[in-house]
Amino acid sequence: MSDIPTDSNNVPGDPRTAKSRGLEGGAAMVQDFTPTKQICAHLNAFHVYADDPTRCVEANHYCAHVTEDLRQCLLYDSTKPNARLLGVEYMITPRLFETLPAEERKLWHTHEYEVKSGMLIMPAPTVVPDVAWDAAETAELRDVIPLYGKTYHFWQVDRGDQLPLGPPQLMGGFTSDETVRVAHAGGLEGLCKERDERFGTDHRTKAQKRKDIPPPERHPDADAMWKGK
């Protein structure tokens with residue numbers, strides 16, 4: 001692909017033409033994009049490869065409720081217009097998780113550490129006061145903390161792939177400071193530093209604000225990647 005131009009994301013192909021941009025604008029006015037219009041939350045965190053916990057990727061989650069027990073999220077590598085679609089994550093309540101076969105439950109991860117550590121954030125719009133947004137974010141993450149997630153990434157951007165190559169990769173979540181250090185020598189501080197600066201937030205402050213969120217019960221079958229299963 002050396003003779004094919006690439007864009008700022010190192011994705012091969014010519015830049016979008018005025019025609020393509022015009023079609024996008026026109027389609028938004030005449031076509032019905034109902035499924036994507038149901039997106040109600042933007043969350044940001046990091047996923048770790050289930051078969052190689054030394055690798056992790058930042059993911060922007062754009063989430064919608066299918067039912068009160070099931071959410072589905074589109075995952076992107078950035079918040080820019082040309083963001084690459086990394087994969088998908090499904091989140092379910094403990095009630096649904098309990099109905100799954102034991103082997104299936106091993107594919108799902110918990111969110112307690114992500115929430116309580118401040119790693120998982122809901123990036124704030126610039127027009128909302130910090131106090132109001134912190135309250136809204138904390139309320140949202142009270143709902144997220146008991147959920148189990150199942151995540152697959154199709155595009156391994158961390159290794160420089162120009163296209164989504166190979167089979168989907170099962171991803172997991174971090175469960176402790178120790179598991180973060182497996183993937184990042186700088187630990188939680190080092191992993192979140194650039195992300196926090198970009199979004200104008202601080203995971204340490206978030207963790208303090210969430211200290212009163214009660215930890216959920218965690219099923220022993222979840223987070224199997226960290227248990228040698």
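With Gln38 contributing its side chain and Thr34 its backbone, the two residues share a donor-acceptor pair below 3.5 Å. Arg218 contributes no side-chain N or O that, together with a main-chain N or O of Glu112, makes up a donor-acceptor pair within less than 3.5 Å. A donor-acceptor contact shorter than 3.5 Å is absent between the side chain of His65 and the backbone of Arg71. Trp226 contributes no side-chain N or O that, together with a main-chain N or O of Thr179, makes up a donor-acceptor pair within less than 3.5 Å. No side-chain donor-acceptor contact under 3.5 Å links Asn60 to the backbone of Asn44. Looking at Lys227, its side chain does come within 3.5 Å of a backbone N or O of Ala222 through a donor-acceptor pair. Arg210 contributes a side-chain N or O that, together with a main-chain N or O of Val115, makes up a donor-acceptor pair within less than 3.5 Å.
Here the shortest heavy-atom pairing between Phe46 and Cys192 reads CE1-SG, 4.3 Å. Of all heavy-atom pairs between Cys63 and Leu43, the closest is SG-CD1, 4.2 Å. Smallest separation of non-hydrogen atoms from His184 and Gly190: CE1-C, 3.5 Å. Across every non-hydrogen atom of Ile92 and Leu70, the tightest pair is CG2-CD1, 3.7 Å. In terms of heavy atoms, Gln156 sits closest to Leu165 at NE2-O, 4.1 Å. Residue Glu114 comes nearest to Phe174 through the heavy atom pair CG-O, 4.2 Å, listed as atom of the first residue, atom of the second, then distance.
No side-chain heavy atom of Glu103 sits less than 4.5 Å from a side-chain heavy atom of Asp221. Two residues are said to be in side-chain contact when any heavy atoms from C-beta on lie closer than 4.5 Å; Arg159 and Arg55 meet this criterion. Between Arg195 and Ile121 there is a side-chain heavy-atom pair separated by less than 4.5 Å. Residues Leu74 and Leu85 form a side-chain contact, since some pair of their non-hydrogen atoms from C-beta on lies under 4.5 Å apart. Looking only at side-chain heavy atoms (C-beta outward), Ile145 and Lys116 come within less than 4.5 Å of each other. Counting only heavy atoms from C-beta outward, the side chains of Leu141 and Leu120 approach each other to under 4.5 Å. Residues Met91 and Cys73 have side chains in contact (heavy-atom distance under 4.5 Å, counting atoms from C-beta outward). In this structure, Pro146 and His111 have side chains that are not in contact, with every pair of non-hydrogen atoms separated by 4.5 Å or more.
In this structure, CD in Glu197 is found 7.0 Å from CD in Glu194, a value given to the nearest 0.5 Å. The structure places CZ of Arg181 at 16.0 Å from OG1 of Thr54, a figure rounded to the nearest 0.5 Å. Atom CG of Leu75 and atom CD of Glu89 lie 6.0 Å apart (nearest 0.5 Å). Residue Thr138 holds its OG1 atom at 11.5 Å from CG of Asp143, rounded to the nearest 0.5 Å. For the atom pair Ser78 OG and Arg84 CZ, the distance stands at 7.5 Å (nearest 0.5 Å). Put simply, CG on Leu188 and CD on Glu178 are 11.0 Å apart, with the number rounded to the nearest 0.5 Å.
Applying the 6.0 Å contact sphere to CD of Glu217 captures no more than 12 heavy atoms from other residues, nucleotides or ligands. Residue-environment remark: CD (Glu68) stays at or below the threshold of 12 foreign heavy atoms within 6.0 Å. When the shell of 6.0 Å around CG of Asp177 is examined, it contains more than 12 heavy atoms from other residues, nucleotides or ligands.
Remark: aromatic rings of His153 and His47 are close, center separation under 6.0 Å.
For the pair Glu98 and Arg105, the salt-bridge criterion is not met [side-chain N within less than 4.0 Å of a carboxylate O].
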Can you check side chain to side chain contact (heavy atoms under 4.5 Å, CB included) on Met119 and Tyr113, steps first, answer last?
-> CA-CA 8 Å; Met119 173 188 287; Tyr113 175 78; 4.1 Å; yes

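The same ILVMFWY cluster, assembled from side-chain heavy atoms under 4.5 Å apart, contains both Val127 and Met122. Using a 4.5 Å cut-off between side-chain heavy atoms of Ile, Leu, Val, Met, Phe, Trp and Tyr, with links allowed through other members, Leu170 and Phe154 fall into the same hydrophobic cluster.
In this pair, His42 and Tyr62 present their aromatic rings parallel. The plane angle is below 30°, not in the 30 to 60° band.
Partner Tyr148 forms a ring-ring contact (aromatic ring centres under 6.0 Å, His included) with one of Tyr90, Trp108, Phe97 and no other, that one being Phe97.
Donor-acceptor pairing under 3.5 Å is recorded for the side chains of Thr110 and Asp223.
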